[in-house]
There are 2 protein chains.
Amino acid sequence: MDKRDFKNEVYGELSKISKAMSNPHRIEIIDLLAQRPYAVEEIASCTSISTANASQHLQVLKSAGLVTVNRRGYFIYYSLASEKVFDVWRGLRELGIEQSSKAREAVDRFRMNYHSLQPAGIDEIYEKVSKGKITLIDVRPEDEFIYGHIQNALSIPIDKLVSRLEELSKEMEIIVYCRGPFCIYADQAVEILTKEGFNANRMIEGYPDWKSRNFPVSFSA
Amino acid sequence: MDKRDFKNEVYGELSKISKAMSNPHRIEIIDLLAQRPYAVEEIASCTSISTANASQHLQVLKSAGLVTVNRRGYFIYYSLASEKVFDVWRGLRELGIEQSSKAREAVDRFRMNYHSLQPAGIDEIYEKVSKGKITLIDVRPEDEFIYGHIQNALSIPIDKLVSRLEELSKEMEIIVYCRGPFCIYADQAVEILTKEGFNANRMIEGYPDWKSRNFPVSFSA
DNA sequence: AAACTATTCAATAAATTTGTTGAATAGTTT
DNA sequence: AAACTATTCAACAAATTTATTGAATAGTTT
């Protein structure tokens, strides 16, 4: 095996992984699986594709070693195979926000819809949380919260927010977080809270970013 | 623009970037450009493809915003557009080594050829360097060394090594580094040095990793 | 301005990727 | 063991990616 064969083999192998991450639906699936394991039909419905199509994309991810499989009852749950999968996805996401003006504009335009334009970065929030200065609200679906959440965060899924406003104080600064920078639950929440007179902002990043930074998390066994 | 359109737009944009990184030749080009800007013909020859083909791949990388262009005289030099491009590539590389047994085996098999099987990690070496305990040799081509190298490293391009052995001491521990984990210059060097009775090992990672960690570097203006 | 040169372009065929359809399957429940 | 169900498979057509060829081009030298 000469030098060229070696390089062909190595770069060829690695390109299988990046090929697996080179489809919009599959990226979206990875972004979703960073929250918790999901079954095929749930994945299909969250990403607005057919079940058969979702299954096929999941096969691709599985062959590339990016996801693992786990059956419980009738359902087959897919999970990310490694923390490193999220790391690569986050790198890609950050590179995209830096380099692609279209991606940046799409995000800004959407934030604008929800009048949620001064989001705070994860480090800034980590500082404040350590000093106990803010109320953290997790507006993701409850099952994602149960699977893992930021320590001391309060779970108020976005569709329950309007009915649970009396639990919140208008004195404290409120930070809302959700799945990540492309998830709009937090933006919707900030819009609702601001209209009701609360002092609320969203965290740009999501729970998986917090966890990947090794900031303190909790989960229910 | 509803939620689904937004997601399609964002994930679609980001997939353009990963698509650009999803071809073995293009990955190899990125790996090469992490050393220094390179002209099209050089890139073609380093990666064993035709000039026209290299040019086409470079167009793809350029459209995705991953590389930038710079003319000097007759030549057009391509560079990585951002540190983040290397970050994503490194993430992919590490994920590949972790997940793909084929990639891992290819690397091991090749190291074995050169009897260079106890390479040292970058952190370990950083520690030793700070204590001045080792001799660092950069065996990449001289122009890459000039463009940037580890502080206090000695430049001995691999093809000059045999003729410059008298510059080295058999008492000091020698660490050799090159472009990165898929570059074999350092392995070749370790084989030569070991045969001659030197105490030599390679660093697993390459110069771009060192630089990206913000460890001390030098370059000639 | 003419000569020169590295790079890009255009056209092509082969290979791969993609989403859809509806049927088949593997595995769990009862 | 029979019934049931989420998931996978197989077959297809459309779209995209890829490498090759040789000509065209943009820009620098002299």
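Residue numbers begin at 1 in each chain, while the letters A, B, ... track the order of the sequences.
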A.B. asks: Going by the side-chain hydrogen bond (donor to acceptor under 3.5 Å, both in side chains) test, which pairs reach into residues 60-80 of chain B, not counting sequence neighbours?
C.D. replies: Gln59(B)-Tyr78(B)
A.B. asks: Please tabulate, one pair per line, each protein N/O and nucleotide N/O from nucleotides 6-12 of chain D that are separated by under 3.5 Å, including the distance.
C.D. replies:
unit_1	atom_1	unit_2	atom_2	d
dT7(D)	OP1	Val40(A)	N	3.1
dT7(D)	OP1	Ile76(A)	N	3.2
dT7(D)	OP1	Ile76(A)	O	3.3
dT7(D)	OP2	Glu41(A)	N	3.0
dT8(D)	OP1	Gln59(A)	NE2	3.2
dT8(D)	OP1	Tyr78(A)	OH	2.5
dT8(D)	OP2	Ser55(A)	OG	2.7
dT8(D)	O5'	Ser55(A)	OG	3.4

A.B. asks: Applying side-chain hydrogen bond (donor to acceptor under 3.5 Å, both in side chains), can you list everything that pairs with Arg140(B), at least two apart in sequence or on another chain?
C.D. replies: Gln35(B), Asp138(B)
A.B. asks: His57(A) side chain N/O closer than 4.0 Å to the phosphate oxygens (OP1, OP2) of dG19(C)?
C.D. replies: yes
A.B. asks: Can you list, in residue-number order, the parts of residues 20-29 of chain A that come under 4.0 Å of DNA chain C, counting heavy atoms only?
C.D. replies: Asn23(A), His25(A), Arg26(A)
A.B. asks: Hey, what bend do you get for the helix from dA1(C)-dT30(D) to dT30(C)-dA1(D) if you fit axes on five pairs at each end, rounded to 10°?
C.D. replies: 40°
A.B. asks: Report the residues that fulfil side-chain hydrogen bond (donor to acceptor under 3.5 Å, both in side chains) with Gln99(A), sequence neighbours left out, ordered by chain and then residue number.
C.D. replies: none
A.B. asks: If the condition is side-chain hydrogen bond (donor to acceptor under 3.5 Å, both in side chains), which residues does Thr135(A) pass it with, not counting sequence neighbours?
C.D. replies: none
A.B. asks: For Phe75(B), enumerate each residue passing the ring pair (Phe, Tyr, Trp, His ring centres under 6.0 Å) test, keeping only those at least two apart in sequence or located in another chain.
C.D. replies: none
A.B. asks: Got a sec, which pairs hit side-chain hydrogen bond (donor to acceptor under 3.5 Å, both in side chains) with one end in residues 17-26 of chain A, sequence neighbours left out?
C.D. replies: Arg26(A)-His57(A)
A.B. asks: Can you list the residues that meet the ring pair (Phe, Tyr, Trp, His ring centres under 6.0 Å) rule with Phe145(A), with sequence neighbours excluded?
C.D. replies: His149(A)
A.B. asks: Over all heavy atoms of both residues, which pair between Ala106(A) and Phe6(B) is shortest? Give the atoms and the distance, please.
C.D. replies: O-CE1, 3.5 Å
A.B. asks: Keeping to residues at least two apart or across chains, list the salt bridge (charged side-chain N to carboxylate O under 4.0 Å, His left out) pairs with something in residues 75-91 of chain A.
C.D. replies: Glu83(A)-Lys211(A), Lys84(A)-Glu98(B), Asp87(A)-Arg90(A)
A.B. asks: Got a sec, which residues hit side-chain hydrogen bond (donor to acceptor under 3.5 Å, both in side chains) with Ser48(B), two or more places apart in sequence or on another chain?
C.D. replies: Arg4(A)
